[in-house]
Amino acid sequence: MYIANKMMSKGLITLAFLSCCLVLLTGADKIYKEVDEHGNINFTDEPTTKNPEKIEVKPVTTISLPKPATNSNDTSSDSDKRFTYDSFSITAPANNSTVRDPGNFTVTAKTSPRLKRSHKAQVFLDGTPIGDKNSKLNFQLSNVERGTHTVEIKLFDSKNNEIQSTSTTIHVKRTSIKNPNHPQNKPKPKPKPKPKPKPTPAPSNNSGS
């Protein structure tokens with residue numbers, strides 16, 4: 001029984017090997033079976049013996065599987081990475097505009113289409129982030145120093161990857177503290193004097209006669 005099983009296994013292995021050979025050679029025009037001087041059977045498209053046996057190989061049937069349909073509402077990070085807005089710009093303050101005392105102003109931006117729910121925006125002043133990322137496109141900057149500054153807004157996807165940015169230049173002009181017109185140098189109003197208390201009338205000394 002053991003010998004029979006061993007021979008059957010060997011035959012199956014040989015059959016599988018020959019099948020693989022046939023599959024690999026299906027791209028050839030003609031395939032031949034030949035037996036060498038040692039009794040080994042070979043399949044080839046370039047026979048070396050005098051009387052090789054021609055093998056008829058049936059064409060291989062190929063099946064093309066349909067591609068899976070993509071979901072138009074997919075909000076995965078891959079779709080976020082590929083997404084860019086048609087337009088994205090800072091609407092206020094205008095580029096090269098001037099901001100005066102006390103250096104407080106609001107930065108607003110606009111995207112087309114509207115900002116996606118999974119996206120966040122953050123404002124940067126001269127490369128330094130101001131505040132946290134949020135889903136709104138307006139930011140309040142306060143007490144900005146005198147000089148020329150770059151204001152930039154960056155957009156981030158749901159995995160915190162930067163996807164787009166826009167910037168503008170603003171000039172802040174603030175009155176010097178040494179200037180007498182500076183708000184800190186204006187004289188403080190004097191406190192009003194307290195009203196003097198009215199004198200208490202003296203008691204009457206009239207005595208009865």
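Here the structure is a predicted model, which is why all the values come from computation and not from measurement.
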>> According to side-chain hydrogen bond (donor to acceptor under 3.5 Å, both in side chains), who are the partners of N143, at least two apart in sequence or on a separate chain?
In response: R174
> Roughly how far, to the nearest 0.5 Å, is CZ of R114 from CG of L137?
Replying inline: 10.0 Å
> Excluding sequence neighbours, so at least two apart, what forms side chain to side chain contact (heavy atoms under 4.5 Å, CB included) with E145?
Replying inline: none
> Linking I/L/V/M/F/W/Y whenever any side-chain heavy atoms sit under 4.5 Å apart, do I163 and I153 land together?
Replying inline: yes
> Going from NZ on K116 to OG on S135, what distance comes out if it is rounded to the nearest 0.5 angstrom?
Replying inline: 14.5 Å
> Please walk me through it: do N104 and V144 pass side chain to side chain contact (heavy atoms under 4.5 Å, CB included)?
Replying inline: CA-CA 7 Å; N104 301 339; V144 179; over 6 Å; no
Can you give me every donor-acceptor pair (side chain of residues 93-100, partner residue at least two apart or in another chain, under 3.5 Å) with its distance?
| from | atom 1 | to | atom 2 | distance (Å) |
| --- | --- | --- | --- | --- |
| N95 | OD1 | T168 | OG1 | 3.2 |
| N95 | OD1 | T169 | N | 2.9 |
| N96 | OD1 | H171 | NE2 | 3.4 |
| S97 | OG | A94 | O | 2.6 |

> Under the side chain to side chain contact (heavy atoms under 4.5 Å, CB included) test, which residues partner Q164, sequence neighbours left out?
Replying inline: T84, Y85, F88, L155
> How would you list, by chain and number, every residue that makes a side-chain hydrogen bond (donor to acceptor under 3.5 Å, both in side chains) with T108, sequence neighbours excluded?
Replying inline: T91
>> Going by the rule side chain to side chain contact (heavy atoms under 4.5 Å, CB included), which residues pair with S112 if we only count those two or more places apart in sequence or in a different chain?
In response: S87
> Does K154 NZ have over 12 foreign heavy atoms under 6.0 Å away?
Replying inline: yes
> At their closest point, which heavy atom of N160 faces which heavy atom of F156, and how far apart are they?
Replying inline: O-CD2, 3.7 Å
Side-chain donor-acceptor distances from residues 120-133 under 3.5 Å, at least two apart:
| from | atom 1 | to | atom 2 | distance (Å) |
| --- | --- | --- | --- | --- |
| Q122 | NE2 | G131 | O | 2.8 |
| D126 | OD1 | T150 | N | 2.8 |
| D126 | OD2 | H149 | ND1 | 2.7 |

> F83 versus D157: any side-chain heavy-atom pair under 4.5 Å?
Replying inline: no
